[in-house]
K.L.:
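Sharing a structure, written as structure tokens. Questions coming.
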Amino acid sequence: MAFEFVAASRLPTQFGEFSIHAFQDSASGKEHIALSMGTLDDGEPVLMRVHSECLTGDSFGSLRCDCGPQLHAAMQQVSELGRGVILYLRQEGRGIGLVNKIRAYALQDAGADTVEANEQLGFGADLREYAMCEDMLRHLGVTRVRLLTNNPKKVDGLRAVGIDVIERVALFVGGNPHNEGYMQTKTDKMGHMLAPEKS
Ligand SMILES: Nc1nc2c(ncn2[C@@H]2O[C@H](COP(=O)(O)OP(=O)(O)OP(=O)(O)O)[C@@H](O)[C@H]2O)c(=O)[nH]1
Ligand SMILES: [Zn+2]
């Protein structure tokens, strides 16, 4: 799959004015988005968030996860710097899709954790891959990144497709009673680093 740039426009937001860039794979029709601010092609490291689409969290304000607050925190940090990029990847449900994620939520309502639910549906814990990021960053002229994430596997995944991640920057947004089990499972079973590293 090769993701080609299609179009870009201004995107004024509550966090400041971004540029929004649309990319599409001509064969599959799959689409991904980048939000950018400032000059990115000067060779200096760029603050980057790779955000997996989460309709429930990003759009409906769901308290079952931490996606919505993470997306807004990343946009706020880029805006404060006046420079950075957010790759918004259409890989809902850690790659299993929205309908399957809701099926997984139903299993979690019945007692499964977020990994067990995927597995009970016949999926692996995390189906995401990051090859599209290389095409998107090449178009934007980004060569080195400081990655906003609590997920070391995401750092590994991006490096595996040739992206020079020079630093992982924690993106803690706190928790709530509805997502504490989910966050614990991410820590215990998926290697997320959701607490400040002991210095
Ligand atoms: N299958 C499944 N996907 C989920 C669930 N909760 C959130 N997601 C999806 O998980 C993705 C976000 O991944 P997370 O594990 O929350 O975080 P991450 O992106 O890996 O790590 P960070 O960069 O630190 O945010 C989005 O695509 C969400 O739709 C769940 O219970 N089951
Ligand atoms: Zn979410």
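For reference, positions follow the sequence shown, starting with 1. Model, not experiment: these values are computed from the prediction. Read the numbers this way: they start at 1 and go in the same order the structure lists the ligands and their atoms.
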K.L.:
State the atoms of ligand 1, each with its element, that fall below the 4.0 Å cut-off from a heavy-atom position in Gln91.
P.N.:
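Matching atoms, with element in brackets: 27 (O).
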K.L.:
Please state which protein non-hydrogen atom is closest to atom 28 (C) of ligand 1 and give its distance, to 0.1 Å?
P.N.:
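Residue, atom and distance for the closest contact: Cys54 CB, 3.7 Å.
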K.L.:
Knowing that exactly one of Leu35, Leu71, Val50 qualifies, which makes a side-chain contact (heavy atoms from CB on, under 4.5 Å) with Tyr88?
P.N.:
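Among the candidates, only Leu71 passes.
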K.L.:
Is Gly93 close to ligand 1, meaning an N/O of one under 3.5 Å from an N/O of the other?
P.N.:
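Yes, at least one N or O pair falls under 3.5 Å.
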K.L.:
By number and element, which atoms of ligand 1 are closer than 4.0 Å to a non-hydrogen atom of Ile96?
P.N.:
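Matching atoms, with element in brackets: 1 (N).
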K.L.:
With the side chain counted from C-beta on, respond yes when Glu116 and Lys189 share a heavy-atom pair under 4.5 Å apart, and no when they do not.
P.N.:
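Heavy-atom side-chain distance check passes, below 4.5 Å.
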K.L.:
Between Gln70 and ligand 1, which part of the residue brings a heavy atom under 4.0 Å of the ligand: side chain, backbone, both or neither?
P.N.:
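Gln70 to ligand 1: side-chain contact only, backbone stays beyond 4.0 Å.
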K.L.:
Does the pair Lys153/Asp156 count as a salt bridge with the N-to-O cut at 4.0 Å?
P.N.:
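Between Asp156 and Lys153 there is no salt bridge, as every charged N stays at least 4.0 Å from the carboxylate O atoms.
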K.L.:
Under 4.0 Å, heavy atoms only, figure out whether ligand 1 is touched by the backbone of Arg49, its side chain, both or neither.
P.N.:
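Near ligand 1, Arg49 shows its side chain, while the N, CA, C and O stay back.
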K.L.:
Determine the sole option in Leu121, Asn118, Thr114, Asp113 for which the side-chain contact (heavy atoms from CB on, under 4.5 Å) test with Leu107 is passed.
P.N.:
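It is Leu121, the one option of Leu121, Asn118, Thr114, Asp113 that forms the side-chain contact (heavy atoms from CB on, under 4.5 Å) with Leu107.
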K.L.:
When you draw lines from the Zn ion (ligand 2) to SG of Cys54 and to SG of Cys65, what angle lies between them, to the nearest 10°?
P.N.:
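Seen from the Zn ion (ligand 2), SG and SG are separated by roughly 110°.
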K.L.:
How about His139 and Phe5: are their ring centres within less than 6.0 Å of each other?
P.N.:
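Distance test on ring centres: under 6.0 Å, yes.
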